[in-house]
Amino acid sequence: MDSLVVSIGIENSHFREYMMPFTENYPAQYESNLTLKDRSVVILRPIKVTDGDLIIDLIEKLSSNSKYLRFLRSLDSLPEKLLYQLTHVNYISGFALVATINEDGNEKIIAVARYAYSAEDNNTELAVIVRDDWQHRGLGKSLLEKIVDIGKEHGISRYIALIAPQNKIIINTLINLGYKVNCSMKSGIFHVEILV
């Protein structure tokens with residue numbers, strides 16, 4: 001599965017009251033195992049503030065193309081501020097679900113699905129990234145479905161996606177998940193409305 005960048009419009013005004021800095025109320029109820037198409041098993045869990053080095057390792061192992069599809073720009077390394085934003089969530093208006101494996105005796109993050117509300121834009125951004133060697137196993141699709149379900153628990157039902165033109169596979173993935181998808185092209189980027 002290719003990378004995905006999606007921004008989500010918030011339909012429920014009560015969502016704003018949950019905007020807060022990260023919290024230590026770790027939601028263990030979202031921990032689970034996931035069996036992929038090739039029968040390999042990964043562990044899903046919410047991101048932790050201590051995952052910075054694991055996120056850096058994930059980004060370093062991505063191809064240039066995957067980095068571009070995720071961030072819609074070239075990225076050699078993660079700026080410190082962005083790394084902080086990626087690892088510090090409040091599990092309500094911001095949430096990240098990671099897929100981990102044991103690799104050479106160490107925990108490694110191989111994929112992340114997230115959403116994060118931006119008060120400035122009054123939108124929530126949603127993104128999915130899968131390490132290149134773990135793509136095409138159903139991991140990205142499963143993470144996307146799970147993060148959208150978590151978003152539903154917090155009242156999100158309408159998404160606005162910004163997707164690179166070469167990432168058309170994700171539109172089909174969204175449709176295959178049963179979501180209503182409307183697309184248009186603006187400034188060389190797909191603008192996609194997703195209703196769940």
Side-chain angles (χ1 to χ4, degrees), residues 1-7 26-27 30-89 91 94-116 125-151 159 161-174 176-177 189-190 192:
M1 163 150 211
D2 290 295
S3 308
L4 163 72
V5 176
V6 182
S7 71
Y26 179 80
Y30 295 110
E31 294 177 349
S32 66
N33 291 333
L34 175 66
T35 302
L36 304 177
K37 290 190 292 191
D38 66 356
R39 301 200 191 289
S40 55
V41 178
V42 299
I43 297 169
L44 302 183
R45 64 167 175 79
I47 201 163
K48 299 174 183 176
V49 297
T50 55
D51 284 336
D53 288 341
L54 297 176
I55 293 295
I56 290 170
D57 181 67
L58 168 64
I59 300 302
E60 288 176 350
K61 290 183 177 172
L62 294 174
S63 67
S64 296
N65 186 54
S66 288
K67 289 178 191 177
Y68 176 79
L69 293 175
R70 166 56 179 91
F71 297 101
L72 294 177
R73 62 181 177 159
S74 296
L75 186 70
D76 293 325
S77 63
L78 280 178
E80 190 174 320
K81 182 178 178 182
L82 178 57
L83 180 61
Y84 182 90
Q85 291 170 344
L86 294 175
T87 55
H88 290 71
V89 298
Y91 304 116
F95 200 104
L97 196 62
V98 300
T100 67
I101 59 167
N102 184 315
E103 191 172 72
D104 301 323
N106 296 304
E107 181 185 37
K108 298 289 182 178
I109 292 177
I110 57 168
V112 182
R114 73 173 47 258
Y115 66 80
E125 295 180 2
L126 174 72
V128 176
I129 188 78
V130 178
R131 206 170 78 181
D132 294 69
D133 57 332
W134 283 86
Q135 293 178 10
H136 308 292
R137 302 185 197 198
L139 178 55
K141 182 178 180 180
S142 294
L143 279 173
L144 179 60
E145 186 173 30
K146 289 181 182 300
I147 202 71
V148 167
D149 286 344
I150 293 168
Y159 300 72
L162 301 176
I163 301 174
Q166 62 269 45
N167 202 357
K168 294 177 187 174
I169 189 170
I170 197 62
I171 295 171
N172 290 330
T173 301
L174 293 166
N176 290 337
L177 286 171
I189 299 291
F190 281 119
V192 183

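Note that this is a predicted model, so its numbers are computed, not measured. Heavy atoms only: backbone and side chains are in, while hydrogens, waters and symmetry mates are out.
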In Å and rounded to the nearest 0.5 Å, what is the [atom1] to [atom2] distance from [X] to [Y]?
X	Y	atom1	atom2	value
I129	I55	CD1	CD1	10.5 Å
I170	I163	CD1	CD1	6.5 Å
K81	L86	NZ	CG	12.0 Å
N33	T100	CG	OG1	9.0 Å
F71	L78	CZ	CG	5.5 Å
L97	L143	CG	CG	5.5 Å

Might you point out which heavy atoms bring [X] and [Y] nearest each other, and give the distance in Å?
X	Y	result
P46	Y30	CG-CB, 3.8 Å
V128	A113	CG2-CB, 3.9 Å
L44	A99	CD2-CB, 3.6 Å
S142	L34	CB-CD2, 3.6 Å
S66	Q135	OG-NE2, 3.3 Å

4.5 Å side-chain heavy-atom contact, [X] and [Y]:
X	Y	value
R114	V89	yes
N65	L69	yes
I59	K67	yes
R45	E107	yes
K141	N176	yes

**Side chains of S40 and D38, donor plus acceptor under 3.5 Å** =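 Side chains of S40 and D38: pair found under 3.5 Å.
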**Asked** Any chance CG of D132 has more than 12 other-residue heavy atoms, nucleotides or ligands included, within less than 6.0 Å?
**Response**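 Atom CG in D132 is crowded, with more than 12 foreign heavy atoms closer than 6.0 Å.
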**Request:** Check whether more than 12 heavy atoms from other residues, nucleotides or ligands sit under 6.0 Å from atom CD of E103, and answer yes or no.
**Result:**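 Correct, the count exceeds 12.
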**Request:** Mind telling me whether F95 and Y115 have parallel, tilted or perpendicular rings, with 30° and 60° as the class edges?
**Result:**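 The rings of Y115 and F95 lie parallel, inter-plane angle below 30°.
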**Item:** K61 backbone acceptor or donor facing R131 side chain under 3.5 Å
**Value:**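 Answer holds: no.
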**Request:** Mark yes or no for whether Y84, through its side chain, and V49, through its backbone, hold a donor-acceptor pair below 3.5 Å.
**Result:**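 Here the side-chain-to-backbone pair does not exist.
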**Message:** For Y26, does the six-membered ring have the charged nitrogen or CZ of K48 within the cation-pi criterion, i.e. under 6.0 angstrom from the centroid and within 45° of the normal?
**Reply:**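 Flagged: K48 positioned over aromatic ring of Y26.
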**Asked** So which of L62, L139, L144 actually passes side-chain contact (heavy atoms from CB on, under 4.5 Å) with V130?
**Response**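 Single pass found, and it is L139.
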